[in-house]
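All ligand and atom numbering here is 1-based and tracks the order in the structure.
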Amino acid sequence: MLYKSSRGLYRDYSCAEVIKTGIAPDGGLFVPDYYPKFELAAFNSMKNLSYQERALLVLTPYLNGFSATDLSNCVRSAYRSDNFADARITPLRELTPNCLVQELWHGPTCAFKDMALQILPHLMTVSLKITGENKQVVILVATSGDTGKAALEGFKDVPGVRILVFFPEEGVSIVQKQQMITQTGKNVKVIAVDGNFDDTQTGVKKIFANSKLTESLDANNFLFSSANSINWGRLVPQIVYYINAYVDLLKNSSIKVGEKLNFVVPTGNFGNILAGYYAKRMGLPINKLICASNSNNVITDFVRTGTYNRIRTFHKTASPSMDILVSSNLERLLFELCERDSGRVKHWMDELHNHGIYSVDSAILAKLQNEFWSDFCDDQGTINTIAKVWEQYNYLMDPHTAVGYNVYEKYQQTSGDQTKTVLISTASPYKFGTDVAKALLPSKIINESTEYELLQRLADFTGVPIPEPLQNLKKRNVLHNESCTKENMEAALMKWLSIA
Ligand SMILES: *Cc1c(COP(=O)(O)O)cnc(C)c1O
């Protein structure tokens, strides 16, 4: 299988090139030539396989050029039992016989980014080998919280790669900051930027766009790459857990072979739900993909009207990993919906870039609505949902997952659809413990406790244990205390790489 750019640059790329490069040279996103088809019998025959074995079957057709041994090693190193707290990797919990929660947060950083960022570094190493690359790869990340930590955990001590994470001093929670500044690993660096997330992200984009700097890196045998969710190597591992959920339900006879499922996905950059769409294209029986947004409801409006308009107020919400106004991976969906007409994709993306808005025609909108349904949930709705789900089902949800559950209820009320539904849970409730505590504990306790104390209070109240990676965070050694101004990010990078 080969890959091409969604914006039409005429050249075929191997999977290894695609993973090494991250983004296509014309600014487009890499897309595969086709989606390998699996028969229903193939899903059924995966019943007695482990997550790792299922992953290998799903990934193999996409990762051409990777030897069977290499790919198997990638999968086994990523989804190890000492890396994931649950041997099933993405366990399902039943809320009702018709609604199951798939937990994607048993990895080392307690959020769903681990599903991809635990394997991407291994895929990157093999890609470097296949392409004969002898430069050291430098991964640069600007993070508002989850991605930075997950990337650090994934890339720590990976040979041939160094990783530098910039986080905004004013933009991450105390727990998130502590997770990053206590990061171990010989090839990692974490720097606080004196500014907000926008400043930090703009700084990193400037570094990437600075051709003189890229040349001087090149001369010193370094090469930039990206670990953000436009990299195909982050998207493809996410197809696996959709299929895994289906096969698990076949295995315990909750569904019949060929029966359709709905998936509800708390959505930000549209990477997670897009992987669900790809699973459907591969033959997985999926009825609706339900896209849940928070108050930054650009995608909800898009699915309802066909107009994507990012010119609106940005809201900081209780589900910060979904606080996004430009969902990059939507470009890959558009490419499929318009029958791979890259000229049209480029036109829409130019409109978005130049005017902040574009509209698709009624034929494309009809196709979009045929596959997706969308609604949103504000912070009050999120907090209420966490409380309600705890009372009704004794199940503790993080705010992102609660947005999903709230939208699922709206979907049911609107459609009356009784299809069995899997709600994708994207973070441990303890990763966003302060807001979860607000839903369940008296305000007196909230006001009098630190973020760390609240985690313990929440555990005492619910009896749900704090995941190991979030325990004793406060006592860990701080290994990174460097900070810089937004103007000095480039200098900080050069100093770390010892380039004069
Ligand atoms: C990143 C993230 C999301 C959004 O996923 P996308 O793939 O960007 O749509 C949702 N919830 C959590 C906890 C996340 O970290």
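D323 pairs by the side-chain hydrogen bond (donor to acceptor under 3.5 Å, both in side chains) definition with N294, N296, T317, not counting sequence neighbours. Contacts of Y242 classified as ring-ring contact (aromatic ring centres under 6.0 Å, His included), with partners at least two apart in sequence or in another chain: F263.
Within the structure, salt bridge (charged side-chain N to carboxylate O under 4.0 Å, His left out) pairs that include any residue of residues 276-292 comprise K280-E371, R281-E336 (at least two apart or interchain).
For a heavy-atom separation below 4.0 Å, the residues in contact with ligand 1 are F112, K113, D146, P266, T267, G268, N269, F270, G271, N272, S321, M322, H400, T426, A427.
The distance between the ring centers of F30 and W232 does not fall below 6.0 angstrom. Separation of the Y3 and Y13 ring centroids does not fall under the 6.0 Å cut-off.
Between F372 and F270, the angle of the ring planes lies from 30° to 60°, which puts this pair in the tilted group.
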